[in-house]
Number of protein chains: 2
Amino acid sequence: MIKVSTKGRYGLRLMLNLASHYNSGNKAVILKNVAQEEDISIRYLEQIIIPLKIKKLVKSIRGAGGGYTLARKPAEINVCEILEALEGTCALVDCVEDTDYCDRLPGCAAYEVWREASQLLQNFFKKVTLQHILDLGEKKLQKSKEKGKTRR
Amino acid sequence: MIKVSTKGRYGLRLMLNLASHYNSGNKAVILKNVAQEEDISIRYLEQIIIPLKIKKLVKSIRGAGGGYTLARKPAEINVCEILEALEGTCALVDCVEDTDYCDRLPGCAAYEVWREASQLLQNFFKKVTLQHILDLGEKKLQKSKEKGKTRR
DNA sequence: ATTATTCCTATAAATTTATGTTGAAATCCC
DNA sequence: GGGATTTCAACATAAATTTATAGGAATAAT
């Protein structure tokens, strides 16, 4: 419960992969390579990228030599946008975004908990951009090199 | 994505229902009534309550005149425990709790994001007890009475 | 005995996850 | 220019998981 769906997880990794190429020339990245690098089925990636394209987070170039690129700089795309594109909202329950979703809402005590938690998460995800995550990954890689092969 | 499952949502409401009766004598509550009050299938509630019983969050009394009660005071049961009982963990991705879940972890930048977000959520849910939510609900009810029927 | 309740197991329905098949657009190469 | 190749695009189907319903057995009270 309260698990990020595969679409969310794969979608973020897809975006991170595009982001890592963005800084080195922004040449179009083909899904075949992303699929190999991230070990995700290319067919599934093709489906996942559709909403990202619709929400204008990525641009596509068809045909040979084509592929996908980020539509904006990695520093200008945050995780919340990505999750929203992939699911419509990044709230923990539907009634937080759509107050007509359930008519028990006025007397629902549980709602308050989900709303606060959703707010907390959303604020966090809005602050984190793809660039932030790239930097984090860089640092992580450095650290693991220092420590050598042993990993706690 | 990142939606609370029905088990989590129904499970919390079930526990809140038991909690609201706990303070008025802690008489056993029968699932049939919970089902009616919360408008959830009794058959489904029967399944949902099993892990809550296993984790010793509720006690059951079989036979006529039986039912369920909270095993502890509402102030001593927090939301995190409930969610963990219902799913095993209250992390956003499996790799946060089980580092062997995925062998990409060492180089995975996305992991850091999910880990931080999970921590944030977990801390929040640990702080919120059933009693807190009951109090919140009480306050909400008062407010809605003051305002009359109109609801923003 | 009868009734009310939890408990256990099976199965059906819906949704999410993943694969397969074919078509369309752009480039490459002859 | 035109066929071959590469890539995205669209649609269909299969597999797995979650959500929900169903039937009856076990237990205890009346």
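Below, each value reflects all heavy atoms present in this structure, side chains not excepted, and no hydrogens, waters or symmetry copies. Throughout, a chain's letter reflects where its sequence line sits, starting with A, and its residues are numbered from 1.
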Report task. Under 4.0 Å between any heavy atoms, over every strand shown, what does B:Ile61 touch: base, sugar-phosphate, or nothing? Just pick one. Result -> sugar-phosphate
Report task. Calculate the interatomic distance between A:Leu52 atom CG and D:dA9 atom P; express it in whole Å. Result -> 12 Å
Query raised in the report: Can you tell me how far the OG atom of B:Ser5 sits from the OH atom of B:Tyr10, to the nearest 0.5 Å?
Result: 10.0 Å
Query raised in the report: Taking CG from B:Leu45 and P from D:dA22, how many angstroms apart are they, rounded to a whole number?
Result: 15 Å
**Report entry** Atom pair CG/NZ of B:Leu52 and B:Lys59 - distance to nearest 0.5 Å
**Finding:** 15.0 Å
Query raised in the report: Is there a donor and acceptor pair, one atom on the side chain of A:Glu46 and one on the base of D:dC8, closer than 3.5 Å?
Result: no
Query raised in the report: Do B:Gln47 and D:dT21 share a donor-acceptor pair, side chain to base, under 3.5 Å?
Result: yes
Query raised in the report: How is A:Lys53 classified with respect to the nucleic acid when contacts are heavy atoms under 4.0 Å: base, sugar-phosphate, or nothing?
Result: sugar-phosphate
Report summary line: The answer to which of A:Tyr10 and B:Ile49 contacts DNA chain C further toward the 5' end, by nearest nucleotide, is B:Ile49
Report summary line: When A:Tyr44 and A:Gly63 are each assigned the nearest nucleotide of DNA chain C, the 5'-most assignment goes to A:Tyr44
Requested in this report: Whole angstrom is fine here: how far is it from CD1 in B:Ile50 over to C1' in D:dA20?
Outcome: 14 Å
Query raised in the report: Hey, does the side-chain of A:Arg43 have a donor or acceptor N/O within less than 3.5 Å of a partner on the base of C:dT17?
Result: no
Query raised in the report: Reckon A:Leu31 touches a base, only the sugar-phosphate, or nothing at all at heavy-atom distances under 4.0 Å?
Result: sugar-phosphate
Query raised in the report: Is a side-chain donor-acceptor pair under 3.5 Å present for A:His21 with A:Ser24?
Result: no
Report summary line: A:Lys59 atom NZ is separated from C:dA26 atom P, nearest whole Å, by 16 Å
Query raised in the report: Side-chain donor or acceptor of A:Arg62 under 3.5 Å from a matching atom on the base of D:dA9?
Result: no
Requested in this report: For C:dA18, take OP1 and OP2 only and decide whether either is under 4.0 Å from a side-chain N or O of A:Thr6.
Outcome: yes
Report task. Ignoring the backbone of A:Ser41, work out which of C:dC7, C:dT19, D:dA9 is nearest its side chain. Result -> C:dT19
Requested in this report: Give the rounded distance in Å between these two atoms: CD1 of A:Ile48 and P of D:dA10.
Outcome: 16 Å
Query raised in the report: For A:Asp103, does the CG atom have more than 12 heavy-atom neighbours from other residues, nucleotides or ligands under 6.0 Å away?
Result: no
Query - Atom-pair distance (CD1 on B:Ile54; P on C:dT6), nearest Å - result: 16 Å
Query - Spacing between A:Asp39 atom CG and C:dT17 atom C1', to the nearest angstrom - result: 15 Å
**Report entry** Evaluation steps, side chain to side chain contact (heavy atoms under 4.5 Å, CB included), between B:Asp100 and B:Leu105
**Finding:** CA-CA 8 Å; B:Asp100 289 333; B:Leu105 197 150; over 6 Å; no
Requested in this report: Among the candidates C:dT17, D:dC8, D:dA9, find the nucleotide nearest to the side-chain atoms of A:Ile30.
Outcome: D:dC8
Requested in this report: Rounded off to whole Å, could you give me the CD1-to-P distance for the A:Ile42 and C:dA18 pair?
Outcome: 15 Å
